[in-house]
Number of protein chains: 4
Amino acid sequence: MSSTKARAIAATGRPRDDAAQHAILQATAELLEEVGFDKLTIEGIAARAGVAKTTIYRWWQNKGTLALDAFLTAVSPKLAFAETDAPLADLRAQVHRVGKLYRGKTGRVLCEIIALAQADPTTREQLLEGYVLPRRLAAKACLERAVVQGALRPDIDIDTVLDAIYGPIWYRMILQHQPIEAHFIDGLLDLALQGIARPAKR
Amino acid sequence: MSSTKARAIAATGRPRDDAAQHAILQATAELLEEVGFDKLTIEGIAARAGVAKTTIYRWWQNKGTLALDAFLTAVSPKLAFAETDAPLADLRAQVHRVGKLYRGKTGRVLCEIIALAQADPTTREQLLEGYVLPRRLAAKACLERAVVQGALRPDIDIDTVLDAIYGPIWYRMILQHQPIEAHFIDGLLDLALQGIARPAKR
Amino acid sequence: MSSTKARAIAATGRPRDDAAQHAILQATAELLEEVGFDKLTIEGIAARAGVAKTTIYRWWQNKGTLALDAFLTAVSPKLAFAETDAPLADLRAQVHRVGKLYRGKTGRVLCEIIALAQADPTTREQLLEGYVLPRRLAAKACLERAVVQGALRPDIDIDTVLDAIYGPIWYRMILQHQPIEAHFIDGLLDLALQGIARPAKR
Amino acid sequence: MSSTKARAIAATGRPRDDAAQHAILQATAELLEEVGFDKLTIEGIAARAGVAKTTIYRWWQNKGTLALDAFLTAVSPKLAFAETDAPLADLRAQVHRVGKLYRGKTGRVLCEIIALAQADPTTREQLLEGYVLPRRLAAKACLERAVVQGALRPDIDIDTVLDAIYGPIWYRMILQHQPIEAHFIDGLLDLALQGIARPAKR
DNA sequence: GGCTAAGCGAGACGGTACGTCCCGTCTTAGG
DNA sequence: CCTAAGACGGGACGTACCGTCTCGCTTAGCC
């Protein structure tokens, strides 16, 4: 996807076989679900897709970019923000959607892509640029609307707030020490938005 | 460490060579720092430690368990809680220490271990049991002391609060989209402890 | 057996455990039949015999000597010569007995010991000294009696004759290109003896 | 050689690198001479040939097949039969050549291959089909010519005669209880042929 | 009865080579 | 120029046994 768009269309020669590209992404997505990223192999993908290894290497530089490509193709559309005039409600809705997604198979696959990103900077960058940052910008916009509306203090550090909301979800997704329940997400948002300090009576 | 304690002590036979075990953990820790987990190989460790590969495999089932063992041995002592009568200050100090550690090499290594844990349930469990949960218990105790002292509301969900504090740090460590500065950590703690909601009454 | 006799009996200390020795030879013989010499391992023998590896190494220097020991213990008694006053008939009877033995399991085991002897000179020597040469001497004596009786020409080279008789049998045993039938053995003896029989007086 | 011919030629893909195959056979033959079959290792061959282990395993299933292949490539040409109109002289010449060859390094290597063949039926078959039987057919033809010429009795069992000639040589090669001298070979042939020579008319 | 000495089990240890897996590159033929 | 096919050099894997070693316990004869 992202990687293929970058390539200039050659004026001559045999044209790229889109069926092959699709089969590769398909096979990758399937194998990711079935065996996990760790046991994913280029040779396995090639075999499943009925494609030569060379064809894969021609279009993706390693299995990380390929896996990420497959992941983004499948997941991206599911995490858009609504844009009503109640931005905090939009936020809450989106975070719940994120939670639901990360609770399941998608979460597992994402975890493995995160895992890969630890070893391969290219993948890390692609994960950031292609997945995390776009979503983050949307969330930022959402929070800014809330500030403008006067629902939030104007002096907040939005980056920190975003990390305070999404960080704990990723944390649970990755460590699996506690489930990512709706109740947890609500508590998290409450905490981030209201604080737990006992209001000093006076 | 954890893996070796689990093993029943044989009543007979040549006793285990502690020097060898120590050399292995030592070599592993060094190589982890030098080349990272991904490029870590059992053969390399064996060579550096002056030990046969078999000796490693006798005591650790794979390089994950070994790396984690080495990591714990090296890192655990650095993350203890102080126990003064100002628990929130103790907490803040410890979280700063965590942040400082995760900012550097140790953070990178931990990330790679996390990566591994995504593919290998054994490692995940060992990471939880041997690293995360013990620290979490200590933090919990710290917060509970704060509650008892009346510094925090008694109705808080401590698990959520813990995730709200440590989650964002791990999030930044893993994604590296923003640095883990002292300023960020303070903001995070403030956020978690006080909230960002604009106080309604005035 | 042969190897143990050589050992000086210690005046003191715990005496050798004959049960263990016997169990080792027994286990070796069994495993030789079951898995063949090639797959025979000291560790396997030790396990089967319920004995420590050290105990085996204390008494045999390698698996060759051990296997040969086991083989000789089992086979030697079966190949004696009769001593009637018809030495050529004695010979024919013994060669038939050899053929019958080599046709079966014993032949297979012997083949594997021969195989071993190719790689280990000690075993080769032990095979010669402990098995082949004694039998050869007996056969020689038999032929000499035939010469004395006037049944064979006195100018024959007995070593060549012996090789001409036993060589082809080993050849078939080892290569298995043709079966070792009674008919073959008779043909062989006829061939070898026809040329050297003292021409009937005329 | 034999093993490679069996493989169907792939219609496509990178063609087999004959230089590599040759280097492997060459290295194998050299190492066989230098260290013997027993100490021969695939890793050693790969290193000497400047080839990856996988390339060896791609074409030979084990070191036996490989060693035999190398052996045949090197030795086969040396053991052809001449075809003059004196077949018995041709035979005598060839047997002397065999004896000379088996007396030396080649004999030692052959012994070790024989040894291997005892444990591995594939090797045994390959040894028979690729080495023993072709030579045996040639020898048979030679003897048959002698029969046709009237130099041998027509009622002989050629298989037995062949075993009577070659068996004793192998026997001495394998056991090394006596040297394989020219004198021994002549005696052997005399012994085997004397009995079956057609009695000179008188 | 205590002492000395070997036999013995158990099993850890340093090693070597194994045969396998997958990598990423390459070399062909054919579309 | 793209693709399929697959051979290639390479690195590390985890395993199987090797032969050696260090233990503690056992079983004797000797003082």
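Naming: A, B, ... by sequence-line order, numbering from 1 per chain.
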The residue, D:Thr55 or A:Thr55, whose nearest nucleotide of DNA chain F is more 5′ is A:Thr55
Residues at least two apart in sequence or cross-chain that pass side-chain hydrogen bond (donor to acceptor under 3.5 Å, both in side chains) with A:Gln61, listed by chain then number, are none
Rounded to whole Å, the CG-P distance (D:Asp18 to F:dC8) equals 9 Å
With sequence neighbours left out, the residues meeting salt bridge (Lys or Arg N to Asp or Glu O under 4.0 Å) with C:Glu125 are none
D:Pro15 has its side chain closest, among E:dC23, E:dT28, E:dC8, to E:dT28
Sorted by chain and number, sequence neighbours left out, side-chain hydrogen bond (donor to acceptor under 3.5 Å, both in side chains) with B:Asn62 holds for B:Thr65, B:Asp120
Taken in chain and number order and not counting sequence neighbours, the residues that satisfy side-chain contact (heavy atoms from CB on, under 4.5 Å) with A:Thr55 are A:Gln21, A:Ile24, A:Val51, A:Ala52, A:Trp59
Sorted by chain and residue number, the salt bridge (Lys or Arg N to Asp or Glu O under 4.0 Å) partners of A:Glu129 (sequence neighbours excluded) come out as none
Which of E:dA6, E:dT27, F:dT22 is nearest the side chain of C:Arg14? It is E:dA6
Is there a side-chain contact between C:Gln61 and the phosphate of F:dC18, meaning an N or O under 4.0 Å from OP1 or OP2? no
Rounded to whole Å, the CD1-C1' distance (A:Ile56 to E:dC23) equals 13 Å
Mind listing the side-chain donor-acceptor pairs of residues 32-42 of chain A below 3.5 Å, one per line with the distance, residues two or more places apart or on another chain?
from    : atom 1 : to      : atom 2 : distance (Å)
A:Glu34 : OE1    : A:Arg48 : NH2    : 2.8
A:Glu34 : OE2    : A:Arg48 : NH1    : 3.2
A:Thr41 : OG1    : A:Gly44 : N      : 2.8

Every stem of 3 or more Watson-Crick or G-U pairs under 3.5 Å that DNA chain E joins, in order of first number, is E:1-31 with F:1-31
Residues of residues 40-54 of chain C with a heavy atom under 4.0 Å from any atom of DNA chain E, listed by number, are C:Gly50, C:Val51, C:Ala52, C:Thr54
So do D:Thr106 and D:Phe71 actually touch side chain to side chain, heavy atoms under 4.5 Å?
-> yes
Salt bridge (Lys or Arg N to Asp or Glu O under 4.0 Å) filter on B:Lys63, not counting sequence neighbours, yields none
